[in-house]
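The structure under discussion appears below in the form of structure tokens.
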Amino acid sequence: MRTVDAVGRGIEDPVLKLRFLRTSLKNYRRRDEVIGRVPWPSLRRFLYQWFTVGGLQRLLRNPLAVSLPVRGRARRSLRLAQGALVLTAASVAATAGGLTLFAMRLFRAEEAPVMAADAAPAPPAAAVVPVAAGTTEPEPGGPPETLGQRPAGIWQVEKGDGWELYSNGLRIETGYAVLGDKRRYRVFDQDVLSPETFDRPVGILFHTSESDVWPLEPGFNENLRGSTHRLLRYLAREKTYHYLIDRFGRVYRVVEDEAKANHAGHSVWQDEGRVYLNLNHAFLGVSFETRWEGGRALPITEAQFGSGKNLTAWLRQRWDIAPSMCVAHGLTSVNPRRHLIGHHLDWARGFPFASFGLPDAYSRPAPSVALFGFGYDSDFLKVLGEPWSGVFHAERALESEAARLGRSADDLRRDKRALYDRWLQEQARVDDSPRVPTLGG
């Protein structure tokens with residue numbers, strides 16, 4: 001168990017750590033039943049250690065088809081454990097026949113199907129909409145597999161004064177919720193502003209609050225609670241996000257879904273030929289109470305991780321939101337005056353799209369670059385070092401388009417920026433008239 005603990009602490013990604021621990025321990029009961037029948041204590045101890053460390057070695061070679069980022073200390077712990085077992089093996093060589101028999105029985109036990117009742121507790125389910133009944137095998141590189149029954153859909157189970165409970169375990173605190181301006185937006189479809197006006201959200205934009213973050217320790221309980229409630233009062237007053245997930249995983253509704261919130265600012269996204277400018281009206285804003293800090297590590301807690309997945313699943317089902325329309329704020333935010341990407345950089349890298357059951361938005365060609373020729377400056381590079389891969393894909397697409405047209409890339413980029421300016425002005429005229437009424441007032 002010390003070896004399991006040492007290796008587990010060396011895995012920085014919380015999702016992979018949960019998968020590793022569950023996989024390494026899931027056959028413990030079967031193994032225990034077989035080894036427990038061995039009459040010699042020293043041999044029982046050797047068998048426990050041998051099959052535990054052997055299993056760890058196999059997991060580290062190919063743990064669930066991903067490469068675990070295990071730090072050096074953990075690998076040294078594994079090597080020391082293996083070396084000790086080699087010495088132990090020599091002292092029990094006389095029992096080789098018995099070892100072989102028990103080894104065969106153990107490996108047969110490990111190959112047998114594992115029932116949910118015998119498995120270690122699973123990490124929070126990666127709810128993907130639509131949610132199917134039963135359990136599913138994970139896709140390579142996708143969300144972790146889940147054990148236990150999964151509801152056939154997500155629905156409201158119960159509602160009380162200031163809260164709502166849903167069938168996937170999601171609980172939403174509603175005591176801070178405020179009304180807002182009614183949604184009303186248009187999109188650019190096939191290079192023209194569509195005459196149709198929309199009032200339903202079509203996407204989810206993930207944020208970090210960039211607010212005070214106190215240590216997650218018992219001695220800071222009062223600070224943690226006070227900081228969250230001060231943040232919620234500010235967000236409700238400014239109508240900033242639709243949802244906030246605090247560091248304990250509690251989900252708060254801030255602005256009602258049917259209203260727009262002031263979370264996106266100047267922003268660009270595209271999907272299936274439709275271009276969305278300034279996403280306050282078209283997207284729901286979901287923020288995690290944390291600081292992004294350049295995305296050097298996953299900045300959210302395990303509780304936030306589980307609640308974020310459940311909230312995303314519910315919102316996607318309720319509003320029929322496509323996976324490709326769930327994106328991080330940093331990937332959409334732009335500076336329109338200077339034609340630069342990354343005006344806000346929260347989640348410009350590091351959002352766990354695969355574990356949320358979503359496609360990797362970082363690898364998609366950045367619409368602000370491919371469609372409108374936006375660039376980036378030295379301040380952007382100081383934070384990220386280099387752009388996400390979708391920026392490079394978009395730049396190559398723009399260069400290919402310029403070569404096809406027999407033009408220079410810089411010349412084409414100037415035309416694309418002028419197109420953005422023209423579209424932005426056209427959208428502003430539509431947004432300013434007539435006045436958008438306030439919900440409930």
Side-chain angles (χ1 to χ4, degrees), residues 12-15 17 124 162-163 170-178 180 204-256 259-267 279-280 283-312 315 327-333 335 342-352 355-356 379-380 382-385:
E12 297 178 350
D13 188 307
V15 182
K17 180 182 293 188
W163 57 272
L170 171 67
R171 178 184 167 112
I172 299 176
E173 308 295 331
T174 60
Y176 285 90
V178 297
I204 300 173
L205 204 59
F206 298 108
H207 303 258
T208 56
S209 65
E210 299 302 301
S211 53
D212 294 335
V213 176
W214 293 92
L216 208 60
E217 299 172 7
F220 291 91
N221 264 346
E222 185 174 345
N223 305 83
L224 288 161
R225 290 196 305 268
S227 178
T228 297
H229 292 306
R230 285 192 297 274
L231 176 60
L232 281 164
R233 287 193 292 271
Y234 170 80
L235 297 179
R237 184 172 67 249
E238 300 296 324
K239 301 178 181 179
T240 307
Y241 305 120
H242 293 92
Y243 293 92
L244 176 76
I245 305 175
D246 78 2
R247 302 183 73 209
F248 300 110
R250 291 176 296 190
V251 179
Y252 294 89
R253 180 175 293 132
V254 182
V255 176
E256 298 289 346
K260 71 113 175 172
N262 305 312
H263 62 101
H266 290 290
S267 42
L279 310 180
N280 285 339
F283 279 61
L284 293 159
V286 173
S287 181
F288 297 86
E289 184 186 9
T290 188
R291 286 183 177 271
W292 176 65
E293 296 185 342
R296 289 179 289 273
L298 188 66
I300 57 176
T301 65
E302 291 181 352
Q304 286 177 309
F305 181 83
S307 297
K309 289 196 298 183
N310 287 340
L311 175 61
T312 300
L315 293 176
V327 64
H329 185 211
L331 304 190
T332 68
S333 178
N335 181 327
H343 181 62
H344 294 284
L345 284 171
D346 49 322
W347 288 125
R349 65 179 169 207
F351 189 84
S355 297
F356 273 53
D379 290 337
F380 176 92
K382 284 178 185 176
V383 177
L384 288 183

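Note: hydrogens, waters and symmetry copies are ignored here, and every other heavy atom, side chains too, is used. This one's a predicted model, so the numbers in the text were calculated from it and none came from an experiment.
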Item to check | Test log, rule side-chain contact (heavy atoms from CB on, under 4.5 Å), inputs F288 and S209 | outcome: CA-CA 6 Å; F288 297 86; S209 65; over 6 Å; no

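- No donor-acceptor pair closer than 3.5 Å links the side chain of S307 to the backbone N or O of R250.
- The number of heavy-atom neighbours closer than 6.0 Å to CZ of F248, taken from other residues, nucleotides and ligands shown, is above 12.
- In this structure the side chain of D379 reaches within 4.5 angstrom of the side chain of K382, judged on heavy atoms.
- A distance-only check finds no donor-acceptor pair linking the side chain of E238 to the backbone of L235 [under 3.5 Å].
- By the 4.5 Å heavy-atom criterion applied to side chains, T208 and I300 are not counted as neighbours.
- Between Y176 and the choices R253, R233, H229, the side-chain hydrogen bond (donor to acceptor under 3.5 Å, both in side chains) rule is met once, by H229.
- For R291, the side-chain contact (heavy atoms from CB on, under 4.5 Å) test picks out E210, D212, V213, E293, with sequence neighbours left out.
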Next on the checklist: Pair H343, H266 - check side chain to side chain donor-acceptor pair (under 3.5 Å), show working.
Outcome noted: CA-CA 9 Å; H343 181 62; H266 290 290; over 6 Å; no

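- Rounding to the nearest 0.5 angstrom, the gap separating the CG atom in L279 from the OG atom in S333 is 9.5 Å.
- Side chain of T301 to backbone of Q304: a donor-acceptor contact under 3.5 angstrom is found.
- For the pair L244/L232, a side-chain contact is recorded, criterion being any heavy-atom separation below 4.5 Å from C-beta on.
- Here the OG-CG distance, from S227 to D246, works out to 10.0 Å after rounding to the nearest 0.5 Å.
- Applying the side chain to side chain donor-acceptor pair (under 3.5 Å) criterion to S267, with sequence neighbours excluded, gives no partner residue.
- When atom types are taken as modelled, the side chain of N280 and the backbone of N262 share no donor-acceptor pair closer than 3.5 angstrom.
- Nearest approach of R247 to L224, heavy atoms of both residues: NH1-CD2, 3.5 Å.
- Across all their heavy atoms, H329 and H344 have their closest contact at CE1-CB, 3.4 Å.
- Side chain of H242 to backbone of G285: a donor-acceptor contact under 3.5 angstrom is found.
- Contacts of Y241 classified as side chain to side chain donor-acceptor pair (under 3.5 Å), with partners at least two apart in sequence or in another chain: none.
- Listed here is the closest heavy atom pair of F283 and L205: CD2-N, 4.0 Å.
- Residues L331 and W347 have side chains not in contact (no heavy-atom distance under 4.5 Å, counting atoms from C-beta outward).
- Contact record, L170 with L311: CD2-CA, 3.9 Å, taken as the closest heavy-atom pair.
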Next on the checklist: Show, in sequence, the C-alpha distance, side-chain angles and deciding distance for S211 and E289, and conclude whether the side chain to side chain donor-acceptor pair (under 3.5 Å) test is met.
Outcome noted: CA-CA 7 Å; S211 53; E289 184 186 9; 4.6 Å; no

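- In this structure, W292 and V383 have side chains that are in contact, with non-hydrogen atoms separated by less than 4.5 Å.
- The side-chain contact (heavy atoms from CB on, under 4.5 Å) check on V178 picks up A236, K239, V255, with sequence neighbours excluded.
- At distances below 3.5 Å, at least one donor-acceptor pair connects side-chain atoms of T290 with backbone N or O atoms of P299.
- With sequence neighbours excluded, the residues that form a side-chain contact (heavy atoms from CB on, under 4.5 Å) with E217 are P215, F220.
- Contact annotation: the side chain of L298 never approaches that of F351 to less than 4.5 Å [non-hydrogen atoms, C-beta and beyond].
- Here the closest non-hydrogen pair linking S355 and F305 is CB-CZ, 3.5 Å.
- Under the rule for a side-chain contact (heavy atoms from CB on, under 4.5 Å), the partners of E173 that lie at least two apart in sequence or sit in another chain are W163, R171, Y252.
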